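Quick caveat, the model's predicted, so the values are computed rather than measured. Reminder, nothing fancy here: chain letters follow the sequence lines and each chain counts from 1.
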Amino acid sequence: MSAAGRSIVIPHLGRVEGHGGIFVKVVGGRVHEVNMDIFEGSRYYEALLKGKHFLDVQGVITRVCAICSAGHTVAALAALENALGIGSSPRVFKMRGLLTLGATIESHALHVFALALPDFLGFDSVIAMAEKYPREVTFALKLKQLGNRIQELIGGRAVHPVNTLVGGFGKLPRHRDLEEIRAALAAAQGPLAGFVELAASIEVPDFAARPTVFVALRPHEEGYRFRGSTLCTSRGEEFPVAEYRDVVREFTVEHSHAKHAALASGETYMVGSLARLALWGDRLVGQAREAFQRLFPRGVEENVLTNTWAQLVELVHCLERGQQVCEELLGLPEEEREMQDYRVRAGRGVGAIEVPRGTLIHEYSFDDDGIIESANVITPTAQNLANTERDLRAAVERLLASDVGSESILKLKLEMVARAYDPCISCSVHVTCL
Amino acid sequence: MSVVIPKPFVPRGGPRELATGPNPYLPAPARIMRAADLVPDVRLFELRFTDSTLADSFTFRPGQFVELSVEGVGEGPFSLPSSPTRRGVFQLGIRRAGKLTDFLFNYLSEGDEVGIRGPLGNGFPVERLEGSDLMLVAGGLGMVPLRGLLQYVVDLRERFGRVMLLYGSRNPDAVLFREELESLARRGDVELHLSVDATQGKPWSGRVGVVTELLDEVVCDVPSTYAVACGPPVFYKFMLEKLVAMGFGRDRIFLSLERRMECGIGKCGHCAVGYTFTCLHGPVFSYWDAMNLPELIYT
Amino acid sequence: MQTFRMNASFLPAFMEALKRWGTLVAPVERGAGTYVLQAIDDVSLARPDALRTILPFKKLLLKPRFAMLERRDGGRTEEVFDNDMGPIVYFGAHACDIHALEILDLIYMTDYVDPYYRRNRERLTVVGYGCMPDEYCFCESLGTETVERGFDVFLTPLGDRFLVTVCSARGDDIVRANPELFEPASRADTRDYLKRLQEREQSFSLAMDVTDLPYVLELKREDPVWDEVGKKCLCCGSCSMVCPTCACFNVVDERPELGRAVRARTWDACLYRDYATVAGGHNFRADRADRVRNRYYHKQEAFVREFGKPSCVGCGRCIENCPTGINVVEVFKYVRGEL
Amino acid sequence: MAKSKPKVGIFGLTGCAGDQLQILNCEDQLIPLARQMDIVDWVMASSRNDHTCRLDIAFVEGVVATERDLESLKEIRARTKTLVALGTCAVWGGLPAMHNEIPREVLQREVYHSSPLHFLDTVEALPPTHFVPFEITLPGCPIERHEFLRVAHALLAGAMPEFHMLPVCWECKAKENLCRVVYFQEVCAGAMTRGGCGARCPSHAVACAGCRGPLEEPNYDANITMFADRGISWVEIARKMSQFSAPVWIKQGLEKEVRHERRR
């Protein structure tokens, strides 16, 4: 392998959501350039929202990305309700929480089993993997289906919810449906524990390990939760979410339709399951705690390839937490519909939520008629891109130093790094600031 | 309150049954015995019910039709170009025109099974036509049902007087059953008059022009002749009035009409004009009846 | 026909008793002032005095969509029983509904009998319930405000009691099986019944002149009113969906899963654009106004010629449900030149 | 009727990937379905793909928003026998096309703050059906799983799938929902919109937003009049109707109102 002036190009990254590639240039044995090349077209939804009514925001902004549609919905509604100065009722808050759990189950199941696991087990796709592991793949699809059923019950549709409104829900779930969901969540726990064992038997390589700053929201209450209003870093810093503009610096780069982000200090950082476990993993209880200890016996280490296992731990958590939320909702009387009254007035609001891929922040301001004046969405994938490039650089350097074998193996390992972040490119090209 | 024509609540007639079974929607399996292209986009399928009792007993009137279906693909009405005087098998002349027929042309051949329901519709009033001269006027695919009538007439030739067939096609390659018709003409069973809209450079000894012009070629004893016409919607527009101008009584002209037919038994409503179901009360109407049902003859 | 009286307080017991004859289906309240027909176990949910349900009872005989035939790859085409609903007791039928049932019978039980309809129809028990008209009812104009046949039992509320009319052997069975609920009707009961009928006759606010309607319509075929209505009509088909006598359907072939083909049947409406389109693409009724006119002519002209009465029972559902406010009564006033 | 497994490709242009996700969401039928076909090109689900071979069936979702999208689309068309447009974006343009009248440069400045941005070759968002012919179009935002399965199974059996073009009102009435127009005086696009979604939104007490695109020849004027007659302002009507498949509505004459509504 000559070391002079060569390029490693992965033109179209497979098994991720959206269109991107990896470009690495090596000159004289030194890594010269590492780019995550994002060529997904822009749709400018945030700019298009300007001039629309705030009631139209959810229907538009959810279309940024299908996999994250429930997350965008919950974040947007929280931001809009903050702007209107209304809180959500306990039922509405819990239902949105359940929706988030459903979305996380669906997304994690898809990524862990269908997108990432084929790498660890040596397949090109989950369809190829199904031939050898039919029982496992069937269960993984069942788990994903359960996530979709929850989203369908609460949001009215598995992708792009319709039931979620500013101030409440159009239709509330029947108790018998909630009971069914609770039972299905309980039934999935056993088989999932089996997967934790399978995962524990697979050794995770450390060629991409590198010191990293983790960022996640502080849960709104004691326990491991996906919503909160304070941004925390693994350095011990804390900021109110409303001041995110002072914390997160965004910049454009030539090779990408997506903007990149860094902390005010200039450091890149990681958001997502691994970051959440690093910051709040000690709050896990029950089987999730056991899974955490089983898969991270030495605690969270700075190796992005373990993010897939972090997602697996969160899956265990979501199954347990989902049952609790169903329980809480079953304690409320059965009703048709829940909507809060509110008065339209000018306002600005920020809403944040931990979605499967990390911290998602929405901000809107509108005038007295409710017409949107500005909109800003910061997606987890955009925050992770700069960090991904640094991980890729570290990996290339290390892999070139040790003789890895053929170029195709090198490429596969780089793909694994990019995939470990579970990037959502559709989302990432919509980072905006108006 | 006044109800216009008081009538007690009585069903119009006893329940009718199809030869293919008690559930009128359930097709009976039939096997394709032969499939051959008549012209490039029209294929003649010869079918036989797989149940031999049904195959042997199946009969119909010329002008009736059947519903052919391929489960999961679709069902459609098709005229029978064969005559009930020839038992055991029956034929369908099918033009490629949509999703079901595409499937038939692409995937089905001899030995394959399809579903058949029928016979459906009223058919030509053959008893009434007996003893008279017949003028059959066909345009394009309208030859398919008329060929069934023609075969019937030829098989029972002594019951009918003169038989004239006036048949217009788009071009010489689109003439259906050409050899057969010419051989019948040679035998003297039928007086054949063909026309094409254009020869497109092909050899052609018949007339070139629209089918109505063929009417100028024939001399017949109008009072003792019945006219039977069948063709696409545009065909009727000029044909019918020309026949009337020749002196045909409007009740001595019969036509077979096309509509969207789904159930074939007067239930689904798609072929209804007023309360006349083309599938149940038709598809054969006298011109007098048809013109008194506004919309029925599409102009 | 036999008549009895039943104490009003026996109504719940009577409904409980009806369950022996099949699944009890009755109007229940869906939203404020809106009702749907639904199978109920708890008889207190029934609202038999509700004037209209969103969908009429036809949904009990033919589902909006059901599978007719099915074939598994390599197998035979078989009839499936997706539409079979078992024995049903339809509680709370009004006179117009019962007339509509007769019309459906004319459509589905004559000539070729529709087996899917017949199986449900034969197991249907109809328990009528007397009603008072609102501003959309015009059954009186069509002679469907009272009913003498087509039901098993009919309850007419007379304050603290019901006049009970029995019209079939099955109705007779029901009465005989529950002797404690019924007693012979007295002269006072029949007197009150007649009084109620009179009162009811006077409470109609909507009327439609149906004199010589088919002939009038025939003369008005080219009237500009049809273009006017055509311009206003959304062709959403709501009127046909909610009409108790609209019975058109579509047949759809599909493969819902591997190795299985299904022929399904769905309600259709002649107002939909492709209703009269044939294979090859020719549409016999491409013009919206033609489709609108066809709907009126089919119900009010052609059906009369065929069966001696219109296939409209004056229930008012189409008026109540038309989003653009097309009103059949007004349309005919226009046709007659009264507006 | 025995045939070899058809070669299948699944492609996303610019979009939210919701329609591809809906394919993955056919969990129960996914693996059996995949066994009946040879999925040779599907970047979202596989890391080994053949980008050049002939395809019997290809599914395309998303809009054309870059030159690269257009190139890919033309390549896919050239190698495919039966091309299926998946989702409202692919069929009608969907949300990304809702403000095509605003120059892309303006949007870029608003979103990315710096100029010139030569790396953005973005063109206005247009549906793939605008550029190349499709054999089958299946709208929906996202597509409905059962409809996708019907298309897939029909194509596997060698037949064209059949969909009746009925408005959302059909399913809405069949579900006995309260009409959003008649009972709640809302702007509901149900009567103009192609059904098949099971009237999802009205069944959740939300008016139809028209996400599945228009029927053939909807009575556009009568709908507008119906809303206006109920005292709903033109701005409100335009606002509700200018989202999905906006280009189509605009062709129908809504353009004036849409411009009126915008305050930019």
Cut-off 4.5 Å, heavy atoms of chain B, and the answer for Tyr297(C) is neither
Determine yes or no for a side-chain-to-main-chain donor-acceptor pair under 3.5 angstrom, with Lys267(B) supplying the side chain and Tyr112(C) the backbone.
-> yes
Note: vs chain C, highest number of non-hydrogen pairs under 4.5 angstrom among Pro27(B), Ala97(B), Cys268(B), Gly115(B) is Cys268(B)
Any sub-3.5 Å donor-acceptor pair from His270(B)'s side-chain atoms to Phe249(C)'s backbone N or O?
yes
Of Arg255(C), Glu301(C), Glu79(C), the largest count of non-hydrogen pairs under 4.5 angstrom with chain B goes to Glu79(C)
When rounded to the nearest 0.5 Å, the distance separating CG of Asp114(C) from CG of Asn23(B) is 8.0 Å
If one checks every heavy atom of Leu69(C) against chain B at 4.5 Å, the contacting part turns out to be side chain
Contact check, side chains of Cys271(B) and Phe284(C), non-hydrogen atoms, under 4.5 Å:
no
Check Glu71(B) with Arg263(C), please: is the shortest side-chain N to carboxylate O separation under 4.0 Å? no
When the 4.5 angstrom heavy-atom criterion is applied to Glu254(C) and chain B, the contacting part is backbone
Query - Heavy-atom side-chain contact between Ile265(B) and Asp111(C) under 4.5 Å - result: no
(Q) I want to check something: taking the side chain as every heavy atom from C-beta on, are Tyr25(B) and Val251(C) in contact at a cut-off of under 4.5 Å? (A) no
| field | Heavy-atom side-chain proximity of Pro22(B) to Pro115(C) below 4.5 angstrom | value | no
Looking only at Pro24(B), Gly266(B), Gly98(B), the option with the highest number of non-hydrogen pairs under 4.5 Å against chain C is Pro24(B)
Distance col, row Leu26(B):CG vs Met68(C):CE, nearest 0.5 angstrom, shows 9.5 Å
Here the pair of heavy atoms bringing Arg260(B) nearest to Val278(C) is N-CG1, 3.2 Å
When the 4.5 angstrom heavy-atom criterion is applied to Tyr116(C) and chain B, the contacting part is side chain
Under 4.5 Å to a heavy atom of chain C? For Glu17(B) that would be backbone
Check your understanding: Side chain of Arg76(C), backbone of Ala28(B): donor and acceptor closer than 3.5 Å?
Key -> no
Sorted by chain and number, sequence neighbours left out, ring pair (Phe, Tyr, Trp, His ring centres under 6.0 Å) with Phe58(B) holds for Phe49(B), Phe60(B), Phe90(B)
Turns out that what part of Ser69(B) lies under 4.5 Å from chain C's heavy atoms comes down to both
So, the part of Glu218(C) with a heavy atom under 4.5 Å from chain B: the answer is neither
The interface call for Leu18(B) against chain C, heavy-atom contacts under 4.5 Å, is both
Ranked by heavy-atom pairs below 4.5 Å to chain B, first place among Asp268(C), Asn294(C), Val252(C), Asp290(C) goes to Asp268(C)
Whatever's closer than 4.5 Å to a heavy atom in chain C on Thr278(B) counts as neither
Note: vs chain C, highest number of non-hydrogen pairs under 4.5 angstrom among Val73(B), Thr276(B), Leu100(B) is Val73(B)
- Residues, nucleotides or ligands: over 12 heavy atoms within 6.0 Å of Arg221(C) CZ: yes
Report task. Return yes when atom CZ of Arg95(B) has more than 12 non-hydrogen atoms of other residues, nucleotides or ligands closer than 6.0 Å, and no otherwise. Result -> no
- Query: What orientation do Phe307(C) and Tyr275(B) show, parallel under 30°, tilted 30 to 60°, or perpendicular over 60°?
  - Reply: perpendicular
Bottom line for Arg293(C): the part with an atom under 4.5 Å from chain B's heavy atoms is side chain
Tell me, yes or no, whether the heavy-atom count around Glu241(B) atom CD, taken from other residues, nucleotides or ligands under 6.0 Å, exceeds 12.
yes
